[in-house]
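One structure is given below, encoded as C-alpha cells.
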Amino acid sequence: MNRKKKIVLIGNGMAGMRTVEHVLKLAPEAYEITVFGAEPHPNYNRIMLSSVLAGGADMKEIVINDLAWYEENKIRLHLGDAVVQIDTKERTVVSASGLKAGYDTLILATGSNPFILPIPGARKEGVIGFRDIKDCELMMEASRKYKKAAVIGGGLLGLEAARGLLHLGMDVSVVHIHPYLMERQLDEPASRMLKRELETQGMKFLLEKQTASIYGGRRAEGLEFADGSRLEADLVVMAVGIKPNIELAKEAGLEVARGIVVNDYLEASAPGVYAVGECAEHRGIAYGLVAPLYEQGSVLAKRLAGADTAGYEGSVTSTKLKVSGVDVFSAGYFNDTPGTRSLRIQDELEGTYRKIVLQDDRLIGAVLFGDTTDGPSLFAKIKSGESVAGKEKELLLGYAPGQAGAGASSPNARLAAMADDEIICGCNGVTKGTIVEAVKGGCASVGEIKACTKASGSCGGCKPLVEGLLHLYAEGDVKTAKEGICGCTPLGRDEIVASIKQMGLKSVREVMNVLEWREPEGCSKCRPALNYYLGMLWPAEYVDEKESRFANERYHANIQKDGTFSVVPRIYGGVTSPAELKRIAAVAEKYDVPMVKFTGGQRLDLLGVKKEDLPKVWEELDMASGHAYSKALRTVKTCVGSTFCRFGTQDSIGMGIRLEKAFERLNTPGKVKLAVSGCPRNCAEATIKDLGVVAIDGGWEIHVGGNGGVKVRAADLLCVVKTEDEVLEWTAGFLQHYREQANWNERTAQWVERVGLDAIKAVLEHAEERQALAARIEDTLSRTTDPWKEIIENEELRKNFEPLQDVQLQNS
Ligand SMILES: Cc1cc2nc3c(=O)[nH]c(=O)nc-3n(C[C@H](O)[C@H](O)[C@H](O)COP(=O)(O)OP(=O)(O)OC[C@H]3O[C@@H](n4cnc5c(N)ncnc54)[C@H](O)[C@@H]3O)c2cc1C
Ligand SMILES: NC(=O)c1ccc[n+]([C@@H]2O[C@H](COP(=O)([O-])OP(=O)(O)OC[C@H]3O[C@@H](n4cnc5c(N)ncnc54)[C@H](O)[C@@H]3O)[C@@H](O)[C@H]2O)c1
Ligand code: SF4
Ligand code: FES
C-alpha cells in the first residue's frame, strides 16, 4: 500500500487553513495533514475580531472550522503548541511541547505580529496590540475596570479598535502620527470627512503626535508625546502596523527579507517548503489583507493537489473600513503623482466623496466615501487594466452623464449595470455572476448565499451588495422569503417537522430527498437537527444516525483542546459514596488522568483521558454516562435540604435524585440543567436553571427558562404544586413540550422568551394535555439505553476508539 504523503502546516490561521480546505476539496485522500497552532483556538475569522469588539458578533460565531471539523477530516491538530524548530534536511519540525513531526510538504503560514513601538513603557501592563482573541478579551476586560483608552495608530486597525472600545463604553482617543487618518488608504478630503463622522460617534483625535513614552507604575497611566504634552490612558492599544512572523523560517536557514521569500508557486528556498499568507513575501510584497492571501492559498492548494494552475502573479488590493455608520472604500493608487490625473466630486450636503485616478487611459485607483456601492466595479476596472478612455466621467459619477435622475444613479441601477465577472466579495473572490446564479437557483437570504458561495462570510463588507443583488434578482418577494434552518433548504423548522410527520419520513436521507435539499449531503447544521427531529417524532422506530452527530456526541465525551477527552460519570443529585469515590480515584490513577475537577453542576470531571482509553475508563468506573457532552439532561444540582439543613422544609436531595433518575438519557433540543433547593434561600441556584424546583412551606415552586451562561436569564415561575409526584408530572410535561416545539439547538431560555410563558402555561395547565405529554416522554425514556454501556459491550463500536494509525507523530 502506498504511504500517504504528509503535510505539516505551521499556523492555524486564515491563509494556512484556507489552503488546507482547498487541498481537502481537490484531493481528499492525498495527504495526512498535521496542523500546529500557537493559539489555543480552532481556526477563526480574525477579521471579525473588530465586529466582536464592537458588539456585532460573538466569539462563537467567528469560528471557521470547529474541533469536530478537524476530527472529521482526520487532521491531527496541536493547539497552543507552537513549532520552535524546522530541520529542512531531515524534513521534520519540533514543537514547544517536544512533539516531532516528519513532513513531505511543509507549509509556513505563521502570519504577522503587531508592531510594538520601541519606546520606554511599552512593556507595561495595559499596553497591547490588536491581533488575536486574547487581545480582544484583554480589551473587554479592561473596559470593565477602566475608563480611558488611547489607540496609537489611525489606520484601519486602529480605527476599528477605537470603535470597539467606544462600544464598550470607554473614552477613546486616537493618536496618529500623520496630519490625517488612514493616509495609506485615503486622500486628505476623504480622510477629513471620515474624521468628522467618527467625531460625531464620540471618538477623539490627536493628529501629528509622536508618542515618546508610556508613563505609569506597573500599569500604564498615560502617554507622553515628543512635544512634551501628555494624555491620560489606562489602556493603550498599539495599531501602528504589522511585522511578518519570520523568525522560525530565518532560524531554519530559509531565505527571508521582510517576509519569507517565495516564488509564484509559493515555494520557499528549501525543497518541499512553502509559505502563504502574511508571513510570505512575493515579488517584494508581504500582503496584510485576506483577499491576496486566499489567492495564494488557492494556487498552492492546486499545486499540492496536482491540478493545473498558473502561478500567483501578485494582487491589487482594495480595503473597506469596518466601522458601522461609515462607508469608506479605497483601491489601488489613489494619490496624485506625476504622470497621473485624477477626477473628484464632493457633496458636502450628502456627505459623499468620489475620486478616481487615471494613468494612460487606465483606471489605477479610487477612493469613495459615503456611498461605496461602486467600489466593486471600480476595483474590477483597476484589476483588468482595460482602457476607460471616454468613460472617465461615467466612472466618476457612477452613471453616464445626462442620465442622472430617474434612478439612473441608484444603487440598484448600478448593481444591475455591473458585468457578471465583477467581484462583489473581495475576501472570497465571488463574482456578481456567481451570486446571481445562486439567487436564481433558489438562495433566498444572505445567509443562504453565504452558504452556497462564501460571499459575505469574511469581513462582511460586501453584505449590502449581496443583499442588493438578492433583492434585484430574486423571483418573488425576498422579505417574505423563508429563512431555512440552514443554506441547504429554504424550509423552516416547523415545515420540516410537519412534513416528516405527514409524510412519515423515517431517515435523514429520506427527508433530504423528499424535501429537495439543495446540498445532497446536507451540512453540519441540518444533519444533527434532522437527526433530532426524527428521534423526537419516532422514538420507537428511528435508529439514531451517529454520523449526523457532532464529534462529542459520537465519542460520548467532550473533546478538549489538546485532543484528549473529559469523562463525567453520572452522580445522581450530586450525592456519592466512599466506595464510588475510591473507584473514581483508582481509574484516575490507572489512566494517568491529569486533572480531576468538580464541575459547576456538582459532578466530578476526569479531564485529559486519551480517546483509546475511554471504553476502559467507562468500564472500570462502572457508572452511567453523565451526558456532559450532549444535548440532553445534564445534571440536577441539589442543596442539602431538610435531611441536614436546619432551614430546609423539604427533602431536596431526594427530589433531585428522583428527577435525575426519571429523565437521564433524555435527548433534548439543547442541553438541560435542573436544580432543587430545599427552601426559598435557594442555595442550589434553581432560578437560573432550565427547570428549577424550590421548596416552600407545604409544596414546591417550579421555575422554567433560566440560564446562567453568557446571557443570564432568571427563570419564570411556571406553577406551584403540593407533592413530589406533581413535580415529576409537571417536569415531564414541560420537558416534552420543549422537546416537541423548540428549534434544535435552542435552549429553554430562548424558547420561553420566544414563545412566551403564557403560551406554555396554557398548554401545561390543561391536565389532560400535560398527562399526554408525560406519557409521550415516558415512552421515549423507556427506549433509551446508556451509551457508555452500549459501547463497552459491543466490540465493533469499541473499534471506533482505536488510535488513528495513519498519522505518525512521535515524541522526540
Ligand atoms: C482586528 C483585525 C481586523 C482585520 N480586518 C481585516 C479586513 O477587514 N479585511 C482584510 O482583508 N483583512 C483584515 N485583517 C487582516 C487579516 O486578518 C490577516 O491578513 C489574515 O488573518 C492573515 O492570515 P494569515 O493566515 O497569514 O495569518 P494569521 O491569521 O495571523 O494566522 C497565523 C497563525 O499562525 C500562528 N503561528 C505563528 N507562529 C507559529 C508557530 N511557530 N507555530 C504554530 N503556529 C504559529 C499564529 O498564532 C496565528 O494563529 C484584520 C486583522 C485584524 C487583526
Ligand atoms: N478593514 C480592513 O481591511 C482591516 C482592518 C484591520 C486591519 N487590517 C489589516 O491589518 C494590518 C494592521 O493594520 P494597521 O492599521 O495596524 O496597519 P497599517 O500599516 O495599515 O496602519 C498603521 C497606521 O499607524 C500609523 N502610525 C505608524 N506609526 C505611528 C506612531 N508612532 N504613532 C501614531 N501612528 C502611527 C501609520 O501612519 C498608519 O496609518 C494591516 O495589514 C491592515 O490592512 C485591515
Ligand atoms: S436552600 Fe434552604 S434548605 Fe437548601 S441548603 Fe439552602 S438554606 Fe438549606
Ligand atoms: S468582501 Fe469581505 S466578506 Fe465579502
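Both ligands and their constituent atoms are indexed starting at 1 by order of listing. Computed from a predicted structure; not experimentally measured. Note that these values count all heavy atoms, side chains included, but never hydrogens, waters or copies made by symmetry.
Without hydrogens or angle criteria, Glu232 side chain to Lys148 main chain gives no donor-acceptor distance under 3.5 Å. For Asn12 (side chain) and His41 (main-chain N/O), a donor-acceptor pair under 3.5 Å exists by modelled atom type.
Among protein heavy atoms, atom 15 (C) of ligand 1 sits closest to Gly288 O, 3.6 Å. Closest to atom 45 (C) of ligand 1 among all protein heavy atoms lies Ala38 CB, 3.6 Å. Closest protein heavy atom to atom 3 (C) of ligand 1: Ser50 OG, 3.5 Å. Here the protein heavy atom with the shortest distance to atom 39 (C) of ligand 1 is Thr110 CG2, 3.7 Å. In terms of protein heavy-atom proximity, atom 11 (O) of ligand 1 is closest to Val290 N, 2.8 Å. Leu157 CD1, 3.6 Å is the protein heavy atom nearest to atom 2 (C) of ligand 1.
In terms of N/O distances under 3.5 Å, ligand 2 is not approached by Thr319. By the 3.5 Å distance cut-off applied to N or O atoms, Leu157 is counted among the residues near ligand 2. Polar contact with ligand 1: absent for Leu49 (N/O pair, distance under 3.5 Å). Checked against a 3.5 angstrom limit, the closest N/O atoms of Gly154 and ligand 2 fall outside it. No N or O atom of Phe130 sits closer than 3.5 Å to an N or O atom of ligand 1. Between Lys320 and ligand 2, at least one pair of N/O atoms sits closer than 3.5 Å.
Residue Arg131 holds the heavy atom nearest to atom 30 (O) of ligand 1 of all those in Glu278, Met14, Arg131. In this structure, of Arg46, His78, Gln85, Glu160, the residue bringing a heavy atom nearest to atom 29 (O) of ligand 1 is Arg46. One option in Ile47, Asn113, Leu289 has a heavy atom closer to atom 14 (N) of ligand 1 than any other, and that option is Ile47. Here atom 46 (C) of ligand 1 lies nearest to Glu39 when heavy atoms of Glu247, Glu39, Lys134, Arg18 are compared. In this structure, of Gly241, Gly155, Pro114, Gly153, the residue bringing a heavy atom nearest to atom 17 (O) of ligand 2 is Gly241. Scanning Gly111, Ser51, Ala161, Cys136 for the heavy atom closest to atom 27 (O) of ligand 1 points to Gly111. Which of Ile119, Leu186, Val174, Val240 comes nearest to atom 28 (N) of ligand 2 through a heavy atom is settled by distance: it is Val240. The residue among Glu278, Met238, Arg184 with a heavy atom at the shortest distance from atom 18 (P) of ligand 2 is Arg184. Residue Ala15 holds the heavy atom nearest to atom 25 (O) of ligand 1 of all those in Ser112, Ala275, Ala15.
Here Asp132 has no heavy atoms under 4.0 Å from ligand 1, in either its backbone or its side chain. The residue Tyr287 has no part lying near ligand 1, judged by heavy-atom distances below 4.0 Å. The residue Thr319 has no part lying near ligand 1, judged by heavy-atom distances below 4.0 Å. Contact annotation for Lys322 and ligand 1: only side-chain heavy atoms (C-beta onward) come within less than 4.0 Å of the ligand. Of the heavy atoms in Glu183, only side-chain atoms (C-beta onward) come closer than 4.0 Å to ligand 2. Only the side chain of His178 comes within 4.0 Å of ligand 2, counting heavy atoms alone; its backbone N, CA, C and O stay farther away. Counting heavy atoms under 4.0 Å from ligand 1, residue Ala109 touches it through the backbone alone. When heavy-atom distances to ligand 2 are checked against a 4.0 Å cut-off, Leu289 comes that close only through its side chain, counted from C-beta outward. The residue Leu181 has no part lying near ligand 2, judged by heavy-atom distances below 4.0 Å. In Gln210, neither the side chain nor the backbone holds a heavy atom less than 4.0 Å from any atom of ligand 2.
The existence of a salt bridge linking Arg230 and Glu224 is confirmed by a sub-4.0 Å separation between a basic side-chain nitrogen and an acidic carboxylate oxygen. The residues Arg46 and Glu39 are annotated as salt-bridged, a charged nitrogen and a carboxylate oxygen being separated by less than 4.0 angstrom. In summary, Glu685 and Lys689 do not engage in a salt bridge, as defined by a charged side-chain N under 4.0 Å from a carboxylate O.
When only modelled atom types and interatomic distance are considered, Ser95 and Ser97 share a side-chain donor-acceptor pair under 3.5 Å. A donor and an acceptor atom, one from each side chain of Lys209 and Ser229, are located under 3.5 Å apart. For the residue pair Asp87 / Thr92, no side-chain donor-acceptor distance below 3.5 Å is found, with atom types taken as modelled.
Cation-pi check for Arg18 over Tyr294 is met; the charged atom lies under 6.0 angstrom from the ring centroid and within 45 degrees of its normal.
Below 4.0 Å from some heavy atom of Ile242 lie the following atoms of ligand 2, by number and element: 11 (C), 12 (C), 41 (O).
A tilted orientation is assigned to the rings of His282 and Tyr312, their planes being inclined by 30° to 60°.
Exactly one of Gln210, Lys195, Glu183 qualifies for a side-chain hydrogen bond (donor to acceptor under 3.5 Å, both in side chains) with His176. That residue is Glu183. Exactly one of Arg131, Glu278, Lys243 qualifies for a side-chain hydrogen bond (donor to acceptor under 3.5 Å, both in side chains) with Ser112. That residue is Glu278.
Within the 4.0 Å heavy-atom shell around ligand 2 one does not find Thr211.
Protein N/O/S atoms found under 2.8 Å from atom 6 (Fe) of ligand 3, listed by chain and residue number: Cys683 SG.
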